[in-house]
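Shown next, in structure tokens, is the structure this report addresses.
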Amino acid sequence: MPYWLMKSEPDVLSAATLQRLHQARWDGVRNYQARNFLRSMQADELFFFYHSSCSRPGIAGIGRIVRTAYPDPSALDPRSPYFDARASTVKNPWSAVDVEFVEAFAGIIDLACLRSAPGLAKLPLLQKGSRLSVMPVEAGEWAAVLALR
DNA sequence: GCCAACGTTGGC
DNA sequence: GCCAACGTTGGC
């Protein structure tokens, strides 16, 4: 079963907030490669919840996919920061998935920790210039991150 | 189809 | 706030 890593700015949605909400829509992805990964997700697949653009970027916990990709409503909402004037109900290029909370780590596994860990050298997150917000994680990488908790 | 200009991401 | 790196746009 594939594993994933998804980035979120904690100001928008943090792992702790997902824990409180139990479930949330993962929307606003506006990059085609990331969207294609969203579309390939299956129910019950797990992902690392990564906090980006914050004081301590890193992996904060684990979530699970509960609903596979469907047209992202935020693209159609003029009040949304993710609004896309080119999208319509008939033709919406963007996708969202629904996720649920699984686990919050006792502490953030920050970038320095990830970079120094064995077995994570190929993780797209750690590649120079990588900006993908949704990416696959190999089973070995998944285990390597879990070992850092 | 090329590519310069621009906007965005995201760590620091 | 800075800036490197990337994706997208749009003229040609």
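Protein chains get the first letters and strands the later ones, always in sequence-line order, with residue 1 at the start of each.
- Of the candidates C/dT8, B/dG7, C/dA4, the closest approach to any side-chain atom of A/Y32 belongs to C/dT8.
- Under the 4.5 angstrom side-chain criterion for Ile, Leu, Val, Met, Phe, Trp and Tyr, the cluster partners of A/V12 are A/Y82.
- Remark: P of B/dG10 and CG of A/L5 are 11 Å apart, rounded to the nearest angstrom.
- Between A/K7 and B/dT9 there is no side-chain polar atom (N or O) within less than 4.0 angstrom of OP1 or OP2.
- Taking every side-chain heavy atom of A/P57 into account, B/dG11 is the closest of B/dG11, C/dT9, C/dA4.
- Going from atom CG of A/N31 over to atom P of C/dT9 covers 11 Å, rounded to whole Å.
- Side-chain atoms of A/S74 and A/R30 include a donor-acceptor pair closer than 3.5 Å.
- Two rings, from A/W94 and A/Y32, have their centers less than 6.0 Å apart.
- Across all their heavy atoms, A/Y50 and A/P57 have their closest contact at OH-CB, 3.5 Å.
- For A/R30, no side-chain nitrogen or oxygen approaches OP1 or OP2 of C/dC6 to under 4.0 Å.
- Residue contacts for A/R35: at a heavy-atom cut-off of 4.0 Å it reaches no nucleic acid atom on any strand shown.
- The interatomic distance linking A/I59 (CD1) with B/dG10 (P) rounds to 14 Å, in whole Å.
- Of the listed nucleotides (C/dA4, B/dG11, C/dT9), C/dA4 has the atom at the smallest distance from the side chain of A/K128.
- Following rounding to the nearest Å, A/L132 (CG) and B/dG11 (P) show an atom-to-atom distance of 13 Å.
- Regarding contacts with the backbone of B/dG11, a side-chain N or O of A/Y50 is found under 4.0 angstrom from either OP1 or OP2.
- Remark: side-chain polar atoms of A/S116 are paired, donor with acceptor, to backbone N or O of A/A112 under 3.5 angstrom.
- Taking atom CE on A/M135 and atom C1' on B/dT9, their separation rounds to 12 Å, with Å as the unit.
- Between A/Q127 atom CD and B/dT9 atom P there is a gap of 21 Å when expressed in whole angstrom units.
- You'll find that the side chain of A/L111 is closest to B/dG11, out of C/dG7, C/dA4, B/dG11.
- Across the protein-nucleic acid pair, A/D84 atom CG and C/dT9 atom P stand 9 Å apart, rounded to whole Å.
- If you measure from atom CG of A/L126 to atom C1' of B/dT9, you get 16 Å, rounded to the nearest angstrom.
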